[in-house]
Trainee: 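After the structure tokens below, expect a handful of questions from me.
Both backbone and side-chain heavy atoms feed into the values below; hydrogens, waters and symmetry mates do not. Everything quoted here is computed from the prediction, not taken from an experiment.
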Amino acid sequence: MIARLLLIACLLSTSVFAQLDTAEGKVIEVDYIPTYNDTLVVFKYVKNGEIRTATIIEGDTVRWMVLDEVLLIDKPTFDSDEARRRYFILKRKVMHVYPYAVLAGNRLDSLNLRLDTLSDDDDKDDYIEEYNDFLRERFEPELRKLTRSEGQILCKLIYRETGMSVYDLISDYRSGWTAFWWNVNANWYDISLKQPYLPEEDDEDQLIEQILQRAFQQGLLQERVPFYPPSE
């Protein structure tokens, strides 16, 4: 049946392509895609120096093109003035701490790229110590300066950018004992360094992700592009 459809498609499309060679442009590529009850004819042709794509649908030539991906984000809705106020407070905090999360992600990628080039364990330890200094100098003061909620949002966004909780980062690149005390100290300020980022499950994380995506689209923030592991 498919072979018969292909034969019919070839016979029907010959005259169409001949017309295209004179009316639309020079056909350079043809594909026949079997469907449930028909065969879809897709071809490319050149017109005015531009390669175009079209499809034969019931004898008509329909030109089409692949558009850039468009991300649709729900516009936030609020059932009360209080909900609106809380949303914009959350937005302000997310906009404030996201650059720190980007910095953490980029620094971790740089660390791992460098470690991949080192074979000597002592050299690796020395370089990790430099990263430890970075963690200590950058994030210990920030965790102390930020409000409780800003500190927790920062921990979540670091998880978003690195795939690891702040606790695990400290545990892997310092020591588990130090990470334990960091977590205890943070919990005194109601901040959990073990907090993951789960926008598919957690309502606040979902709002944070919507805020980020809208900010990326509007050019208010630039989304981080990971560079480790390096693409092949």
Trainee: Would you please name every residue forming a salt bridge (charged side-chain N to carboxylate O under 4.0 Å, His left out) with Glu82, sequence neighbours left out?
Mentor: Arg85
Trainee: Return the set of residues passing ring pair (Phe, Tyr, Trp, His ring centres under 6.0 Å) with Tyr87 (not counting sequence neighbours), or none when no residue passes.
Mentor: Phe78
Trainee: Evaluate side chain to side chain contact (heavy atoms under 4.5 Å, CB included) for Tyr197 paired with Glu209, printing each intermediate quantity in order.
Mentor: CA-CA 10 Å; Tyr197 181 69; Glu209 188 62 28; 2.6 Å; yes
Trainee: For Ile191 and Gln152, work out which heavy atoms get closest and say how close.
Mentor: CA-OE1, 3.4 Å
Trainee: Which residues pass the ring pair (Phe, Tyr, Trp, His ring centres under 6.0 Å) test with Tyr127, not counting sequence neighbours?
Mentor: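 Tyr127 satisfies ring pair (Phe, Tyr, Trp, His ring centres under 6.0 Å) with no residue once adjacent residues are dropped.
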Trainee: Dump the intermediate steps for side chain to side chain contact (heavy atoms under 4.5 Å, CB included) on Ile128 and Leu115, then the final yes or no.
Mentor: CA-CA 8 Å; Ile128 289 176; Leu115 291 178; 4.1 Å; yes
Trainee: Looking at every non-hydrogen atom in both residues, tell me the closest pair between Leu154 and Ala101 and how far apart they are.
Mentor: CD1-N, 3.9 Å
Trainee: With sequence neighbours left out, what residues match Asp133 under salt bridge (charged side-chain N to carboxylate O under 4.0 Å, His left out)?
Mentor: Arg136
Trainee: Distance check, rounded to the nearest 0.5 Å: Glu150 atom CD versus Tyr100 atom OH?
Mentor: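 Rounded to the nearest 0.5 Å, the CD-OH separation comes out at 9.5 Å.
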Trainee: Can you name the ring pair (Phe, Tyr, Trp, His ring centres under 6.0 Å) partners of Tyr98, sequence neighbours left out?
Mentor: Phe216
Trainee: Tell me, with the steps shown, if Asp126 and Glu129 meet side chain to side chain contact (heavy atoms under 4.5 Å, CB included).
Mentor: CA-CA 5 Å; Asp126 290 342; Glu129 184 58 34; 5.6 Å; no
Trainee: Using the test salt bridge (charged side-chain N to carboxylate O under 4.0 Å, His left out), find all partners of Asp202 that sit at least two apart in sequence or belong to another chain.
Mentor: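 Per chain and number, Asp202 pairs via salt bridge (charged side-chain N to carboxylate O under 4.0 Å, His left out) with Lys156.
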Trainee: Group every Ile, Leu, Val, Met, Phe, Trp and Tyr by side-chain heavy-atom contacts under 4.5 Å, then state whether Leu103 and Leu220 land in the same group.
Mentor: yes
Trainee: State the OG-CD distance between Ser110 and Glu130, to the nearest 0.5 angstrom.
Mentor: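 So the OG of Ser110 and the CD of Glu130 are separated by 12.0 Å.
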Trainee: With sequence neighbours left out, write down each residue that passes side chain to side chain contact (heavy atoms under 4.5 Å, CB included) with Leu90, or none if nothing qualifies.
Mentor: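 If we apply the side chain to side chain contact (heavy atoms under 4.5 Å, CB included) test to Leu90, skipping adjacent residues, the hits are Val94, Ile153, Glu204, Leu207, Ile208, Ile211.
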Trainee: Each residue besides Phe227 in its hydrophobic cluster should be listed here, by chain and number; the cluster joins Ile, Leu, Val, Met, Phe, Trp and Tyr at side-chain heavy-atom distances under 4.5 Å.
Mentor: Leu113, Tyr228
Trainee: Considering residues at least two apart in sequence or located in another chain, which fulfil the side chain to side chain contact (heavy atoms under 4.5 Å, CB included) criterion with Thr162?
Mentor: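 Expected list: Leu108, Ile158, Met164, Leu169.
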Trainee: Just verifying a value: how many Å separate Arg86 CZ and Asp81 CG, rounded to the nearest 0.5 Å?
Mentor: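 Reported value, rounded in 0.5 Å steps: 13.5 Å.
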Trainee: Can you find a heavy atom in the side chain of Arg160 that is under 4.5 Å from one in the side chain of Leu212?
Mentor: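 Yes, their side chains come closer than 4.5 Å.
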Trainee: Tell me every residue that passes side chain to side chain contact (heavy atoms under 4.5 Å, CB included) with Asp203, counting only those two or more places apart in sequence or in another chain.
Mentor: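 With neighbours one apart ignored, the set is empty.
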Trainee: Tell me every residue that passes ring pair (Phe, Tyr, Trp, His ring centres under 6.0 Å) with Tyr173, counting only those two or more places apart in sequence or in another chain.
Mentor: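 Only Tyr131 meet the ring pair (Phe, Tyr, Trp, His ring centres under 6.0 Å) criterion with Tyr173.
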Trainee: Walk me through whether Glu200 and Gln206 qualify under side chain to side chain contact (heavy atoms under 4.5 Å, CB included).
Mentor: CA-CA 6 Å; Glu200 299 84 6; Gln206 186 178 63; over 6 Å; no
Trainee: State which residues pass salt bridge (charged side-chain N to carboxylate O under 4.0 Å, His left out) with Asp109; sequence neighbours excluded, sorted by chain then number.
Mentor: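 Counting only residues at least two positions away or on another chain, Asp109 forms a salt bridge (charged side-chain N to carboxylate O under 4.0 Å, His left out) with Arg224.
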Trainee: Using side-chain heavy atoms (C-beta onward) and a distance below 4.5 Å, is Gln195 in contact with Ser165?
Mentor: no
